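A short worksheet on the structure shown next.
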Amino acid sequence: MTDLVHRPRRLRRREGLRAMVREARLSRENLVLPLFACRGAGVRREVPSMPGVFNLSVDEVAREASAAFDLGVPAVLLFGLPESKDETASGAYDRRGIVQEAIRAVRGAAPEMVVVADTCLCEYTSHGHCGVVRNGEVLNDESLELIAQTAVSQARAGADIVAPSAMMDGQVGAIREALDGAGFSHVAIMSYAVKYASAFYGPFREAADSAPAFGDRRAYQMDGANAREALREAELDYSEGADILMVKPATPFLDILRMVRDRFDLPLAAYHVSGEYAMIKAAAERGWIDEKRVMMETLTSIRRAGADIIITYYAADAARELK
Ligand code: PBG
């Protein structure tokens, strides 16, 4: 018999005990499901690098959103694949644009669902960059007007939240001003405040057909080595009127998530991105890991690091586990 006084194992002996003292809790209310809308009807085209994720025609987006809502997922984040693209991303702010149609469809099919629209130009520009390009440069201030116009058209279609992801300086302020000016002061902004230039977005660019035709996004997205700069980015968006801050990607940047959580009192979102999802899928397909357990452990780690909201392609699967 040893004289150990402290035996943490006492509280691990059965699930009831473990649950009583559990610190971070993942619940369905935390989850947001991203969906990719395309033209057509009855279309469900699986994304090769993202098993279980589809390009969905608007009718299918509505169906998928309702099914997720019935599982307890309260929100969707909508992306669009337009039929044609141009230099000025006109599909992004077209009243009849693909995302605008998807927003209306989800509204109709699941009226209580929270509808978030990704506000960016990269899916709509012929060159695939997130702003206006001149002489090989992505111009900042020239892009703001189009981004703001996109947000207003998404609000007009019925979005509850717009989520600017272009990483243009001043985009939150420009959107806030435009929304207020157009009578949408009640529409919230979830800012991709801290968005790193990440290789983990690879599968998304296949899903959204949004890979840049030349160069990369390192001249506007953040350098993955920077932590202090994350606080600065968050501070700017806070002061420009963001309602929710986001850190993206999630698991490679959990330290950043914690820093932003500790420093700001706004709700905090984390985006568990396409590559993070694809890695789990790929390893699980080979039988190398237990997919459900790795999924839950991953999402719990994001909660533990401080996220209130988790955007994940696993939202419906996780909701099923949490039932
Ligand atoms: C649009 C946007 C991207 C993602 C979300 N919004 C792609 C990018 O910045 O290249 C990535 C999401 C994911 O990888 O799941 N700018």
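Note that the coordinates shown come from a computational prediction; the quantities given were computed from them, not determined experimentally. Numbering of ligands and ligand atoms starts at 1, following listing order.
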Side chain, backbone, both or neither: which part of [X] has a heavy atom under 4.0 Å from ligand 1?
{"X": "Ser274", "answer": "both"}
{"X": "Tyr277", "answer": "neither"}
{"X": "Cys120", "answer": "side chain"}

### Query
Can you tell me the protein heavy atom closest to atom 12 (C) of ligand 1 and the distance?
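Here the nearest protein heavy atom works out to Phe204 CD1, 3.3 Å.
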### Task
Around atom 4 (C) of ligand 1, find the nearest protein heavy atom and jot down its residue, atom name and distance.
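Of every protein heavy atom, Lys248 NZ, 2.6 Å lies nearest to atom 4 (C) of ligand 1.
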[X], [atom1]: over 12 other non-hydrogen atoms inside 6.0 angstrom:
{"X": "Arg22", "atom1": "CZ", "result": "yes"}
{"X": "Glu177", "atom1": "CD", "result": "no"}
{"X": "Arg293", "atom1": "CZ", "result": "no"}

Pull out every atom of ligand 1 sitting under 4.0 Å from any heavy atom of [X], numbered as shown with elements.
{"X": "Lys195", "result": "1 (C), 2 (C), 3 (C), 6 (N), 8 (C), 9 (O), 16 (N)"}
{"X": "Tyr313", "result": "12 (C), 13 (C), 15 (O)"}
{"X": "Tyr271", "result": "12 (C), 15 (O)"}
{"X": "Cys122", "result": "1 (C), 16 (N)"}

### Message
Heavy-atom contact check, 4.0 Å cutoff: does His272 meet ligand 1?
### Response
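No, that is not the case, since the closest heavy atom of the residue is not under 4.0 Å from the ligand.
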### Message
Under 3.5 Å between any N/O of Gln221 and any N/O of ligand 1: does that happen in this structure?
### Response
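Between Gln221 and ligand 1 (N or O atoms, distance only) the closest approach is under 3.5 Å.
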#### Entry: Geometric N/O contact Ser210 with ligand 1, under 3.5 angstrom
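No.
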### Task
Classify the ring geometry between Phe36 and Phe79 as parallel (under 30°), tilted (30 to 60°) or perpendicular (over 60°).
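Parallel, since the angle between the ring planes stays under 30°.
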### Task
Could you please spell out the steps behind the salt bridge (Lys or Arg N to Asp or Glu O under 4.0 Å) verdict for Arg304 and Glu23?
CA-CA 8 Å; Arg304 192 191 60 234; Glu23 300 178 33; over 6 Å; no
### Query
Please walk me through it: do Phe214 and His129 pass side chain to side chain contact (heavy atoms under 4.5 Å, CB included)?
CA-CA 9 Å; Phe214 65 89; His129 277 288; 3.6 Å; yes
### Query
Which is closest to atom 10 (O) of ligand 1 in terms of heavy atoms, Met167, Glu123, Arg205?
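When every heavy atom of Met167, Glu123, Arg205 is considered, Arg205 comes closest to atom 10 (O) of ligand 1.
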### Query
Can any side-chain N or O of Glu60 pair as donor or acceptor with the backbone N or O of Arg44 at less than 3.5 Å?
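Side chain of Glu60 to backbone of Arg44: no pair is present.
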### Test log, rule salt bridge (Lys or Arg N to Asp or Glu O under 4.0 Å), inputs Lys292 and Glu321
CA-CA 8 Å; Lys292 278 188 190 154; Glu321 289 302 296; 3.7 Å; yes
### Task
Run the numbers on Asp209 and Lys85 for salt bridge (Lys or Arg N to Asp or Glu O under 4.0 Å), then give the verdict.
CA-CA 11 Å; Asp209 185 26; Lys85 307 182 185 227; 3.4 Å; yes
